[in-house]
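Working notes, structure below.
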Amino acid sequence: MNCFMFPGQPLMVSQAFPDDPDFDAISELTRERAFLDLSALSWTKGTPTDSVKLQVYGVAMSLWHARKLGREKVRPAIVAGHSMGIYPALALCGCVSEEDILELTYRAGSCMARMGEKREYALGCVTGLTLEPLMAIAESNGVHLANYNTSRHFLLSGEKGDIANAAAEALENGAFTANTFPCDAPLHTPLMEEVATPLREIFSGYRYAEPLIPIMNHIDQDVLSASEIPDFLIRELCEPVYWEQTYRALHAAGATRFFEVGAGDSLKKYNRWIQHEMA
Amino acid sequence: MSDQLMENIKQMIIDSLRIEGMSPADIETDAPLFGEGLGLDSIDALQLVVAMEKDFGAVVPDAATGTKVFRSVRSMAEYISENGK
C-alpha cells in the first residue's frame, strides 16, 4: 500500500530544477498565481520574504514531484503532509487545484510574514536529546516544541533570541546538534493566533472538494473531510506537528511503501529512525 | 587499520542509512561523507552515532567530535580503533 508524504517548508533550496514539461507547467502556474519565477527564484511582483519564497518553492516542487510520480503510474492509497505539506497534499487529492494552492501558499505566507515585521522569530532543529529534557529547556527559555519528528529529532519555534538561548542550552545538555534558522513567524505555536483572523479569511475563500484519497492529518492522525479543511489549516499552524505518531498511524493503517513527494528527504530519514526503534 | 574494519564500517553505513543500490566497494575510504561526498546530514549523523556504538562500541559524545569522526571512512576507523570495545 503506497503512501505519499508531503514535506513541509524546506529550509533551503536544495535541488537542481528539472527539465521537463511538467516542471515548465508548474513554473508557469507559480509565476501566474504566486508571482515567483522558480528558475531564477525571484519575485515577479512585490518583494515578499525569503520564508515566503521557500514556502512557494516547496509547494511547487511537491506539485511537480506528484505529477512525476503520476506519470510513472505510482498512485497512493493514503496521503499525509508534514506541516505545510498539507497544501500540495490537498491538490493531489483533488480538494483544490494546483493553481489555487500555489496562490493560497503565497497569500498565507505573506500574511504570516507580517508577524516578522514586529518581532524576529526563528526555528531551532535539535537532534539527540529526548523529549523530557528538551521540553524543560523549551519551557525555561519561553519557546515551543513545534515538531515532534522522532524520539530524538525536534523543532523549536519562538522568538529569535530565545531560540538561540534554547539551542545553546540544548547543546550544553547533550544535544548532538542544535541549528537555528530565521523565519517570519513562530510556526506551529499558539502565538500564531495573532494572525488567525486574516488567515481564516484566506483559507475560507477557497472551495474544497472531498478528498479523492484519504488524507491523514499530522496532529491527531484523523482523516480529513472537506468541511474540516479550512479550520485544520489554521489549527495546524497553531499546534505542533506530530510526525512520529503520524508515521506509526500510517504504518498501522497498512502503508508499506512511502514516497516523499517534494524537496529533500527528511521524512524518509525520520521514518528510518522510527522504523529502527519499532524493530 | 585493517581492510576488514574499513569494509565493516562501509557496510554499517549502508545498512544503518538504508542506502539502496550501493555496495561497500562504491564508498571511497577517504571521500567526505557529508556535503559533496555521500551527501549526509545531521539526521544521518545521529543514525551513524547509534550504529557505531551498537556495532563497534565507540561512543561519539557530541557534534564537534562527530564532525571529526565522520569526515571519512578512514577517520571513522581511526576513532573506532582508539575508542571502540
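Chain A is the first sequence line, chain B the second, and so forth, proteins listed ahead of strands; every chain is numbered from 1.
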Is it the case that more than 12 heavy atoms not belonging to B/Arg18 sit under 6.0 Å from its CZ atom? yes

Please indicate whether B/Glu28 has more than 12 foreign heavy atoms, meaning atoms of other residues, nucleotides or ligands, lying under 6.0 Å from its CD. no

Do you know which of B/Asp41, B/Leu46, B/Val49 has the most heavy-atom pairs with chain A at a distance under 4.5 angstrom? B/Leu46

How about CE on A/Met12, more than 12 heavy atoms from neighbouring residues, nucleotides or ligands closer than 6.0 Å, or not? no

When you look at CD of A/Glu277, are more than 12 heavy atoms from neighbouring residues, nucleotides or ligands closer to it than 6.0 Å? yes

At their closest point, which heavy atom of A/Arg272 faces which heavy atom of B/Leu17, and how far apart are they? NH1-O, 3.2 Å

Counting only heavy atoms not in A/Glu72, do more than 12 sit closer than 6.0 Å to its CD atom? yes

Spell out the residues in residues 52-72 of chain B that have some non-hydrogen atom less than 4.5 Å away from a non-hydrogen atom of chain A, in order of number; otherwise answer 'none'. B/Val60, B/Asp62, B/Ala63, B/Gly66, B/Phe70

Using non-hydrogen atoms and a 4.5 Å limit, figure out which bit of A/Thr150 sits close to chain B: side chain, backbone, both or neither. neither

Within a radius of less than 6.0 Å around CG of A/Asp19, do more than 12 heavy atoms belonging to other residues, nucleotides or ligands occur? no

Under 4.5 Å between any side-chain heavy atoms of A/Lys268 and B/Ile43, yes or no? no

How long is the gap from CD on B/Gln47 to NE2 on A/His276, to the nearest 0.5 Å? 6.0 Å

